[in-house]
Amino acid sequence: MKPPARIERLATGVDGLDAITSGGLPAGRSSLVAGTAGSGKTLLAVQFLVAGLAAGETAVLVTFDERPEDLVRNAASLGWDLREHLDAGNLAIVDLTPPRGETIATGEFDFGALVARVEAAVARTHAARVAVDAAGGLFTHFVDSGLVRRELARLIDCLRTAGVTALITAERTDEYGPVARYAVEEFVADTVIVLRNPLGRERRRRTIEVLKLRGGGHERGEHPFGIDDRRGIIVLPLSGLESGPDAPLRQVSIGIEGLDEMCSGGIPGDAITLVHGPSGAGKSLLACHFVQAGLGAGERVLHYCFEDSRDRLLRHAEAIGLGGLREAERAGRLSVVSRHPERLGLEDLFVEIHRAVTELQPRRLVIDSLSVLDRVSSGAAFREFVVGLVDTVRDHRIATLCTHEVASDGGGEAVTHVSTMSDCLIALRFREHAGAYRRTVQVVKLRGSSHDLAERELRIGEVGITVVPRA
Amino acid sequence: MTPRGRLRLYVTDSTVLSERAIANLSALRDGVLAGQYDLEVIDVLEHPEAAEAGRIVATPTLVRLTPEPVRRLVGDLSDRTVVLASLGLSQARTGPSGDPEP
């Protein structure tokens with residue numbers, strides 16, 4: 001038996017989309033992108049064309065809903081200069097928005113003019129990519145839905161004959177209902193992608209799902225995406241990233257001698273180390289030691305804090321003798337970013353972290369704290385954030401330390417899905433001893449390495465954290 | 001004498017609907033509309049740029065450019081009553097039943 005013919009793919013250039021479609025959209029075919037109002041359909045359609053234009057391809061944008069001048073202006077706000085491409089003849093916009101004035105029906109008609117205009121624009125620009133936004137537009141302008149369906153099928157047929165790779169958007173009314181209004185998917189049946197924007201714990205969460213893909217081989221399930229004000233849509237492939245051959249295990253110093261010893265030398269250099277414990281146990285201070293150790297080794301460090309201002313953090317570090325942080329920040333080797341996650345969705349935060357990682361190329365990253373992010377987001381969005389973070393630090397080989405606050409003396413439990421994602425787990429606790437509380441530290445887990453499981457006393461003094469040696 | 005109006009008919013060459021629209025409009029032009037309008041016929045397959053400029057989606061489409069307001073009549077013009085009403089045929093020239101006078 002002959003294997004099925006391989007379906008050629010067109011890499012879209014949209015961050016992450018090619019990963020979840022195992023290489024891109026079927027070349028020379030039409031793909032449907034369905035989504036509710038505000039789910040990012042138009043953005044994805046425009047970005048699909050812009051990515052092609054940036055790679056020297058030519059494109060046609062067919063618009064039913066938004067006027068060309070609005071599309072050009074909205075694209076400009078993301079730094080995409082459609083005007084330049086229009087003037088250069090690389091891009092044509094076919095404006096199918098209803099003109100002003102009365103339209104009166106006087107008998108039978110078809111959409112021959114529409115098809116002729118799209119065909120002419122494709123021929124004039126020699127377009128490789130076409131975006132149609134949104135296919136449902138005709139249904140609202142013309143009452144005979146049977147006619148509209150027939151004519152849309154004709155348009156798609158004509159795009160296929162022209163050999164272009166098309167992305168066609170369609171509106172849907174329910175996040176988890178029928179694929180698209182007017183059953184548009186029935187004639188763009190090869191490939192269907194759904195954008196969602198559901199409300200979860202009072203916060204919108206954007207996801208993208210490939211429902212079916214001509215040629216198969218796509219990543220199943222919903223993948224979160226964020227919208228970056230410079231790069232547009234960035235899809236976070238949950239499991240799409242292939243890990244390369246395992247690099248030799250890199251160990252990095254936490255910056256606290258006794259704790260490094262407990263970890264048989266240090267913590268993993270390309271994974272997440274989770275430090276959890278109750279408030280006041282020393283989590284943020286420990287993170288500052290980790291930062292200082294990196295700077296001391298000449299590494300660049302990215303430090304995100306969600307509970308403290310940047311200035312307070314630097315002052316606290318100075319107070320325990322870690323004065324190098326402020327100086328390193330001035331020199332550009334340390335970037336301390338303070339954010340209120342309540343005002344920023346987790347997808348957008350992830351996109352921001354991803355961008356900072358790409359730009360700064362840090363060897364160490366601190367997230368202080370994950371529990372704040374957990375608190376302000378839905379469970380699913382948080383899990384996806386952590387998974388995306390694990391992939392990022394592994395790909396960029398960044399030693400990452402995350403703090404996580406547990407309600408009280410939580411011991412080893414509580415932080416379930418985060419702890420399974422981390423390669424190293426350090427617990428900070430308060431223990432009552434002879435009527436007084438003292439702090440302790442224990443390395444609960446360290447993947448791929450032997451470690452000292454004992455719980456040791458931890459002290460915070462003028463020189464920061466010290467671990468009391470075993471008696 | 002009132003100035004003549006301008007009509008533009010967008011068609012796709014040699015389709016049944018377009019031929020029907022041209023036949024219907026020719027009959028009107030030579031009959032009740034005689035002397036009132038100048039007519040121009042544009043084949044959108046030959047001149048897609050004209051369809052682009054006029055933002056024409058459906059064919060056939062008849063556009064009354066003048067007198068204002070601009071009106072777009074979509075379809076093969078077989079609904080004679082609607083066509084005449086839309087083209088502002090003066091009441092004086094229609095009978096009480098709405099039928100045009102012989």
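Naming convention: chains lettered A, B, ... in sequence-line order (proteins, then strands); numbering from 1 in each chain.
- Under a 4.0 Å N-O distance rule, the pair B/Glu49/A/Arg124 does not qualify as a salt bridge.
- With a 4.5 Å cut-off on non-hydrogen atoms, B/Thr12 touches chain A through its side chain but not through its backbone.
- Contact count versus chain A (heavy atoms, under 4.5 Å) is highest, among B/Asn24, B/Val11, B/Thr59, for B/Thr59.
- Minimum interatomic distance between A/Ala116 and B/Pro48 (heavy atoms only, all atoms of both residues): O-CB, 4.0 Å.
- If you measure heavy-atom distances from A/Ile93 to chain B, the contacts under 4.5 Å come from the backbone alone.
- Listed options A/Ile104, A/Val94, A/Leu114 were ranked by heavy-atom pairs under 4.5 angstrom with chain B; first place goes to A/Ile104.
- Contact tally against chain B (heavy-atom pairs below 4.5 Å) for A/Leu96, A/Thr103, A/Val115: the top residue is A/Thr103.
- For the pair A/Thr97 and B/Arg55, the minimum side-chain heavy-atom distance is below 4.5 Å.
- Looking at B/Leu77, B/Asp79, B/Leu17 one by one, the single match for side chain to side chain contact (heavy atoms under 4.5 Å, CB included) with A/Glu108 turns out to be B/Leu17.
- Side chain of A/Arg117 to backbone of B/Ile56: a donor-acceptor contact under 3.5 angstrom is found.
- Residue contact with chain A, scored on non-hydrogen atoms closer than 4.5 Å, involves the side chain of B/Val82 exclusively.
- Residues A/Ala113 and B/Ala58 share a closest heavy-atom pair of CB-O, 4.1 Å.
- A donor-acceptor distance shorter than 3.5 angstrom exists from the side chain of A/Thr106 to the backbone of B/Val74, with no hydrogens or angles considered.
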